Participant: 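Below is one structure. I have some questions about it.
One is the number of the first residue; the rest follow in order along the sequence. Predicted model, so just to flag it, every value in this text is computed and none were measured. As a basis for the values below, the full set of heavy atoms in this structure was taken, side chains included, without hydrogen atoms, waters or symmetry mates.
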Amino acid sequence: ETEWPLLLAINLVAIRITAASLAVGLHAWRSGMRLRTVGGDTHRAATLRAMGSAGLMSGGVFLVAIVFALVALLMAPQCSG
């Protein structure tokens, strides 16, 4: 029996987790922008923006890698042995 359905499920779960992490990064970045706009603590605003940006960039890279792995899984011929 093939492990293809398990690999597909793992890829889909990884995409969902990465999407959630991107949402957290976006929320942190927006919170930093909002805090900066209203004249709040500039150090905290800068930290939120920096951490949010790092989360968005790393999450985006992981999402691209996971999607490439999913495409490779879907395009590769399945072995019958």
Participant: Using side chain to side chain contact (heavy atoms under 4.5 Å, CB included), reason through L35 and T42 one step at a time and then give a plain yes or no.
Facilitator: CA-CA 8 Å; L35 188 60; T42 56; over 6 Å; no
Participant: From S58 OG over to L63 CG, what is the distance, rounded to the nearest 0.5 angstrom?
Facilitator: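 Between S58 OG and L63 CG, I get 11.0 Å after rounding to 0.5 Å.
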Participant: Got a second to check how far D41's CG is from T47's OG1, nearest 0.5 Å?
Facilitator: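 Answer for the CG-OG1 pair, D41 versus T47, is 8.0 Å.
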Participant: Rounded to the nearest 0.5 Å, what separates atom NE2 in H27 from atom CZ in R34?
Facilitator: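 Separation between the atoms: 7.0 Å.
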Participant: Is it true that M33 and L26 fall in one hydrophobic cluster, defined by side-chain heavy atoms closer than 4.5 Å?
Facilitator: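 Same cluster: M33 reaches L26 through Ile, Leu, Val, Met, Phe, Trp or Tyr contacts under 4.5 Å.
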Participant: Going from CZ on R49 to CG on L56, what distance comes out if it is rounded to the nearest 0.5 angstrom?
Facilitator: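 R49 atom CZ to L56 atom CG measures 13.5 Å (nearest 0.5 Å).
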Participant: Are V13 and V71 grouped together when hydrophobic residues (ILVMFWY) are joined by side-chain heavy atoms under 4.5 angstrom apart?
Facilitator: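 The answer is no; the residues belong to distinct hydrophobic clusters.
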Participant: Quick one: do V67 and I10 end up in the same hydrophobic cluster if we chain Ile, Leu, Val, Met, Phe, Trp and Tyr together by side-chain heavy atoms under 4.5 Å apart?
Facilitator: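 No; tracing contacts between hydrophobic side chains, which count when under 4.5 Å, never links both residues.
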Participant: Are L7 and I15 linked, directly or through other ILVMFWY residues, by side chains that come within less than 4.5 angstrom of each other?
Facilitator: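 Looking at the clustering, I15 is in the same group as L7.
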Participant: Answer yes if L6 and L8 sit in the same cluster of Ile, Leu, Val, Met, Phe, Trp and Tyr residues linked by side chain heavy atoms under 4.5 Å apart, and no otherwise.
Facilitator: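 Cluster IDs for L6 and L8 differ.
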Participant: Have a look at F68 and tell me which of I66, V64, L70 forms a side-chain contact (heavy atoms from CB on, under 4.5 Å) with it.
Facilitator: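 It is V64; the other options fail the test.
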Participant: Between G32 and A45, what is the shortest heavy-atom contact and its length?
Facilitator: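 Minimum heavy-atom separation between G32 and A45: O-CB, 3.6 Å.
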Participant: Roughly how far, to the nearest 0.5 Å, is CE of M51 from OG of S31?
Facilitator: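 Answer rounded to 0.5 Å: 13.5 Å.
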Participant: What heavy-atom pair brings G59 and T18 nearest, and what distance separates the two atoms?
Facilitator: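 Residues G59 and T18, closest heavy atoms: O-CG2, 3.3 Å.
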Participant: If you apply the rule side chain to side chain contact (heavy atoms under 4.5 Å, CB included), what do you find for L74 with W4, and how did you get there?
Facilitator: CA-CA 9 Å; L74 295 174; W4 189 84; 3.5 Å; yes
